[in-house]
Amino acid sequence: MSVLFDEPGPKARRRIRVATVLGVLAAVALAVLAVRQFAANGQLDAARWQPYATWPMWRYLLTGLWSTFLAAVVSAALSMAFGLLLALGRLSHRRWIRLPAAAYVEVVRVVPALLLVYVVLFALPRYGLDLPLFWKLAVPLAVSNAAAFAEIFRAGIKSVERGQTEAGLAVGLTPFQTMRLVVLPQAARRVLPSIVSQSVGLLKDTSLGFVVSYGELLYSGKVLAAYNGLLIQTYLVVALIYLAVNVSLSKLARTLEARQAGTLIRFSRRTARA
């Protein structure tokens with residue numbers, strides 16, 4: 001039985017299978033129609049794809065991909081650090097810490113990341129704060145994703161058994177030491193798949209770099225398409241690069257989740273035998 005809902009019965013499973021088959025057939029039909037339209041308009045001619053068999057094209061796109069990774073890594077590091085502080089703030093017993101942290105999380109979670117990019121791009125320079133180009137993308141992404149990471153960390157901390165905290169306090173650790181040495185390491189292991197999944201979303205959000213003219217992958221594709229006139233070919237190649245990267249990261253998240261579930265099952269069995 002799932003945590004959120006009951007397992008579907010025979011009729012529900014049948015309907016799910018039918019809906020899945022119909023969805024796959026519809027997707028295949030759309031793909032075939034798109035390929036036929038591309039072929040009819042000469043978009044599949046070998047001459048239009050030949051430039052993407054050359055190293056200079058790929059070097060330019062890989063440079064954009066590196067810029068994407070750099071923005072994603074820096075934004076993820078900042079948002080995870082800030083998110084951890086927010087999670088601890090939401091769990092604080094002090095009202096003057098808990099309420100502002102909760103307000104930040106609830107407000108920022110519903111604000112689009114694009115709006116935060118516009119704030120950094122247009123609003124802050126009016127008050128004398130004109131950030132470098134890289135930080136015009138990294139800062140709003142960090143601010144936006146910190147709220148999501150805060151909820152992930154808070155869920156992980158609350159999932160650790162209360163006895164762990166009591167054991168740490170019983171051996172003479174302070175509350176801060178107990179949180180740092182006992183609770184947080186266990187919580188981090190439990191939420192690692194969720195952290196990877198959120199990082200995938202953050203990586204996709206770096207495509208907002210085209211708004212600030214930061215040279216990430218999508219912006220590089222835009223410049224390249226304007227240069228060579230191969231609009232469809234360029235954006236299809238960019239889409240395939242994004243697909244390969246995000247599928248790989250999603251598979252990593254599923255692998256970590258499955259490994260973690262197996263570890264918990266083995267631990268439960270050993271505990272039951274003991």
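All heavy atoms count here, side chains included; hydrogens, waters and symmetry mates do not. All values reported here derive from a predicted model rather than from experimental measurement.
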**Request:** Would you check, one step at a time, whether the test side chain to side chain contact (heavy atoms under 4.5 Å, CB included) holds for Y219 with T68?
**Result:** CA-CA 10 Å; Y219 184 79; T68 293; over 6 Å; no

**Request:** Evaluate side chain to side chain contact (heavy atoms under 4.5 Å, CB included) for I195 paired with S199, printing each intermediate quantity in order.
**Result:** CA-CA 6 Å; I195 290 175; S199 299; 4.2 Å; yes

**Item:** From CA spacing to verdict: side chain to side chain contact (heavy atoms under 4.5 Å, CB included), L91, K158
**Value:** CA-CA 9 Å; L91 295 172; K158 295 189 71 173; 3.9 Å; yes

**Prompt:** Taking it one step at a time, do Q233 and V237 satisfy side chain to side chain contact (heavy atoms under 4.5 Å, CB included)?
**Reply:** CA-CA 6 Å; Q233 290 75 13; V237 170; 5.5 Å; no

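In this structure, the separation between CG on N228 and OG1 on T234 is 4.5 Å, given to the nearest 0.5 Å. In this structure, Y214 OH and F134 CZ are separated by 5.0 Å, a value rounded to the nearest 0.5 Å. Atom-to-atom distance recorded for L203:CG and Y242:OH is 7.0 Å, nearest 0.5 angstrom. The distance from atom OG of S67 to atom CG of L218, rounded to the nearest 0.5 Å, is 12.5 Å. If you take OG on S197 and CD1 on I152, they are separated by 8.0 Å, rounding to the nearest 0.5 Å. The structure places CG of L184 at 10.5 Å from OG1 of T178, a figure rounded to the nearest 0.5 Å.
Residue pairs meeting the side chain to side chain donor-acceptor pair (under 3.5 Å) criterion with at least one member in residues 134-157, sequence neighbours excluded: R90-E151, D130-K136, N145-Q198, E151-R154. Judged as a salt bridge (charged side-chain N to carboxylate O under 4.0 Å, His left out), not a single pair has a partner in residues 26-48 (not counting sequence neighbours).
The local environment of OH in Y118 is sparse, with at most 12 non-hydrogen atoms from other residues, nucleotides or ligands closer than 6.0 Å. The environment of W49 atom CH2 is dense: over 12 non-hydrogen atoms of other residues, nucleotides or ligands sit within 6.0 angstrom.
By the ring pair (Phe, Tyr, Trp, His ring centres under 6.0 Å) test, F149 is found to be paired with no residue, residues two or more places apart in sequence or in another chain being considered. Annotation: side-chain hydrogen bond (donor to acceptor under 3.5 Å, both in side chains) contacts of E106 (sequence neighbours excluded): none. Under the rule for a ring pair (Phe, Tyr, Trp, His ring centres under 6.0 Å), the partners of Y104 that lie at least two apart in sequence or sit in another chain are F82. With sequence neighbours excluded, the residues that form a side-chain hydrogen bond (donor to acceptor under 3.5 Å, both in side chains) with Q186 are Q164.
In this structure a side-chain-to-backbone donor-acceptor pair under 3.5 Å is present from W58 to Y52. The backbone N or O of P51 sits less than 3.5 Å from a side-chain atom of T54, completing a donor-acceptor pair.
Across every non-hydrogen atom of R190 and S159, the tightest pair is NH1-O, 2.6 Å. Listed here is the closest heavy atom pair of G64 and S220: CA-OG, 3.5 Å.
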